[in-house]
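Taking it in order: structure first as structure tokens, then the write-up.
Atoms within each ligand, like the ligands themselves, are counted from 1 in listed order. Residue indices begin at 1 and follow the sequence shown.
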Amino acid sequence: MSALQINSFKEYKEKYEKSVTDPESFWSDIADHFHWKKKWDSVLEWDFSKPEIKWFQGAKLNITENCLDRHLDTIGNKTAIIWEPNDPDEESRHITYRQLFVKVSRFANVLKNNGIEKGDRVCLYMPMIPELAIAMLACARIGAVHSIVFAGFSSSALASRINDSQCKMLITANEVYRGTKPINLKAVCDQALEQTPSVEKVIVYRRTVEPTDMTEGRDAFWFDELQKVEKDCPAEEMDAEDMLFILYTSGSTGKPKGMVHSTAGYMVGATYSFENVFQCKQDDIYWCTADIGWITGHSYIIYGPLCAGATTVMFEGVPSYPDYGRFWEIVAKLKVTHFYTAPTAIRALAKHPLSLVDQHDLSSLKVLGTVGEPINEEAWHWYNDNIGKTKCPIVDTWWQTETGAMMISPIAGITPTRPTFATLPLPGVQPVLMDEHGNEIPQALEPAEGRLVMKAPWPSIARTIYGDHQRYKDTYFSTYPGNYFTGDGAYRDASGNYRITGRVDDVVIVSGHNLGTAPIENAIDEHAEIVECAVVGFPHDIKGNALYAFVTKYDESKKSDDDLRKEINNLIASTVGAIAKLDKIQFVSGLPKTRSGKIMRRILRKIASQDAENLGDISTLLNPDIVEEIKSGAL
Ligand code: 7RM
């Protein structure tokens, strides 16, 4: 599929220009590279005021024929998935495109045999094992809608997601190890299942030999079910706009939003962006360290790479086990060429001795990527110098669960990069900066800062929130009518490069001044002894609000807390301004994070405001234990 790849910066500019002036012919040329059972009657119909967005209407397809069937004659024996287990002594699994095709087809028959039909919702609560990929593709094969819930979420988080979309089936594993910690997934499911009447069947993959409680009539083992079915399963004919999957993402209220993705537009968007941003060649080994329970895993471990015919690595474990060199050990072992991870992981690894990096041969690496958060200057350079050895372009990819695919990102080796900048919009993406009053800030020689908004649809935009179209409209299309509002702020330089500054909801008004917490955090992060930080506001008698920073420092840091506090405030005064000086700086051993690595500022805001009695459900955090520590040390 490298036919989709842009080969020079000049070509990027031409393609970009065409994608804006004539999006229909631009996207129709790209869509021609996919396998359709029937082609579209119209490329795009949209109305952001409703909002309603339809791509490739009239087309019929199945995404699994694009991920699997059409590769069989050409690259059937190529490895599709390399699975790397948690335990380094357990063997890796290499699954070819042909083997994956057979496994997906057979498991699709298991779904059918258990009463799943086109349009039914199936919840997947699974560890990072190939069977998760097989189950999601099997759903897509028969037109069932998968809703993947990260297998670290609590039973109540799982139950509310199952209930919101009324899933008929739950697929899970009995138990899994991450690091040294066993996690009994089936037990979590059993608890959730007490509150989820819509679930009729539970399929359990036996990942470990531990005995597993099974409920008769409801639960069945994956392996036993496979014995009951044939191996061939024709791909269901889907409409372009049929729902492919639901993926829950947190919103500003406690209730998660079930983002709904389409079949054709999502496929085209995820694949086109994968091909271009990473520029993978035939024999490359591509590894994205995200979990499939997150959009990055959906688009850039499974659908994008498989549609493109790439070899994609799936890792079951954690970066710290058996030691903090695990990522680099795997890169050396598998000769990984493309490595895509989150800034939070980079910062966590940078905390540890460089010998953990240097003992592994990283010479196979060609391209590095980041996603999920703004990457600060220091982490960018650590990644560039120590992992990429200054030879690998870094693609800082900005996008969202809602956008389905990367939006603003360098094209590896083609777009000139600039540390901490996501750089330029990919073809088909039309960002604009708006001021608070909804006026567009035009591109000019002066750099500008504003809110990041999209003025036209792209193929992989989420079509609605499951069961709540009004919330979809209110959240994304009401702040700047006629436009999609990302919720992020951005800075743009004279050449049109974007630097995402962070969520604009993270603004504090101190003595009447609007202060974004993101630039303050950046200033703090520049301090050589600081790993990372989060800044929030708290009520203050005189200033209205004042600033509170939660800061983690390197283990080796020798300075006293008070000296560090002074230095941090001096740094802020000299970069952001004295108005942004912090009232309180608390040193902590970690920050509360979501499973996808985003700092949960909502919790810190409550702690800073001495309102930490009712923090809501914190079980979805990566590190819920840290909350108690932070609370007890609050200033
Ligand atoms: C892919 C993903 C979306 C939010 C988004 C931003 C932040 C993501 C970057 C980034 C700066 C980046 N989906 N974000 N990528 N900020 N630079 N390269 O993360 O739905 O979980 O989050 O993440 O705030 O709105 S997500």
Side-chain angles (χ1 to χ4, degrees), residues 148 150 246-252 256-261 266 269-270 273-274 277 288-301 303-304 340-347 368-377 379-380 383 394-410 415 417-426 429 431 451-454 460-462 465 475-476 479 484-492 497-507 516-519 521-522 525 532 534 593-602 620 622:
I148 305 185
F150 177 80
I246 301 168
L247 181 61
Y248 287 88
T249 183
S250 47
S252 52
K257 301 175 284 196
M259 303 312 307
V260 170
H261 280 285
Y266 174 79
S273 56
F274 173 79
V277 167
C288 165
T289 70
D291 193 283
I292 291 177
W294 179 31
I295 189 68
T296 304
H298 283 62
S299 302
Y300 300 115
I301 298 178
Y303 288 115
Y340 188 31
T341 197
T344 179
I346 298 168
R347 288 192 293 264
L368 301 177
T370 71
V371 57
E373 281 177 295
I375 183 166
N376 50 302
E377 191 102 22
W380 193 96
Y383 199 32
I394 297 179
V395 291
D396 176 348
T397 66
W398 176 85
W399 58 296
Q400 309 176 297
T401 304
E402 295 84 342
T403 68
M406 300 181 286
M407 301 283 282
I408 302 180
S409 170
T415 311
T417 59
R418 184 172 170 195
T420 78
F421 279 72
T423 72
L424 301 171
L426 293 173
V429 174
R451 289 155 189 226
L452 184 63
V453 162
M454 300 291 153
S460 61
I461 183 175
I465 292 174
T475 310
Y476 305 106
T479 317
Y484 168 88
F485 178 41
T486 65
D488 283 335
Y491 169 93
R492 186 181 57 207
N497 289 302
Y498 287 88
R499 176 182 202 290
I500 312 303
T501 47
R503 305 288 307 174
V504 291
D505 8 48
D506 297 322
V507 169
T517 53
E521 290 172 3
N522 277 324
D525 285 339
E532 60 182 357
K593 298 233 173 119
T594 65
R595 295 288 177 166
S596 56
K598 293 188 213 315
I599 298 167
M600 286 280 270
R601 290 185 178 72
R602 183 175 61 83
T620 57
L622 184 69

One line per pair, note the atom names and distance for all nitrogen or oxygen contacts under 3.5 Å between ligand 1 and the protein.
| residue | atom | partner | partner atom | Å |
| --- | --- | --- | --- | --- |
| ligand 1 | 13 (N) | Thr401 | N | 3.3 |
| ligand 1 | 14 (N) | Gly372 | O | 3.3 |
| ligand 1 | 15 (N) | Gly372 | N | 3.1 |
| ligand 1 | 16 (N) | Pro374 | N | 3.4 |
| ligand 1 | 17 (N) | Glu373 | O | 3.3 |
| ligand 1 | 18 (N) | Asp396 | OD1 | 2.7 |
| ligand 1 | 18 (N) | Thr397 | O | 2.8 |
| ligand 1 | 19 (O) | Lys598 | NZ | 3.0 |
| ligand 1 | 20 (O) | Thr401 | N | 2.8 |
| ligand 1 | 20 (O) | Thr401 | OG1 | 2.6 |
| ligand 1 | 21 (O) | Trp294 | NE1 | 3.0 |
| ligand 1 | 21 (O) | Lys598 | NZ | 3.4 |
| ligand 1 | 22 (O) | Lys598 | NZ | 3.2 |
| ligand 1 | 23 (O) | Gly372 | O | 3.2 |
| ligand 1 | 23 (O) | Lys598 | NZ | 3.3 |
| ligand 1 | 24 (O) | Asp488 | OD1 | 2.8 |
| ligand 1 | 24 (O) | Asp488 | OD2 | 3.1 |
| ligand 1 | 25 (O) | Gln400 | NE2 | 2.9 |
| ligand 1 | 25 (O) | Asp488 | OD1 | 3.3 |
| ligand 1 | 25 (O) | Asp488 | OD2 | 2.6 |
| ligand 1 | 25 (O) | Arg503 | NH1 | 3.2 |

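- In this view, Asp488 and Arg503 satisfy the salt bridge (charged side-chain N to carboxylate O under 4.0 Å, His left out) rule, not counting sequence neighbours.
- In this structure, the separation between OG1 on Thr344 and CD1 on Ile599 is 7.0 Å, given to the nearest 0.5 Å.
- Ring geometry, Tyr300 versus Phe274: the interplanar angle falls under 30°, so the pair is classed parallel (tilted spans 30 to 60°).
- Looking at Lys593 and Glu373, no side-chain N of the basic residue comes within less than 4.0 Å of a carboxylate O on the acidic one, giving no salt bridge.
- Looking at heavy atoms from C-beta onward, Thr420 lies out of side-chain contact with Asn522 at the 4.5 angstrom threshold.
- Here the CH2-CE distance, from Trp399 to Met407, works out to 11.0 Å after rounding to the nearest 0.5 Å.
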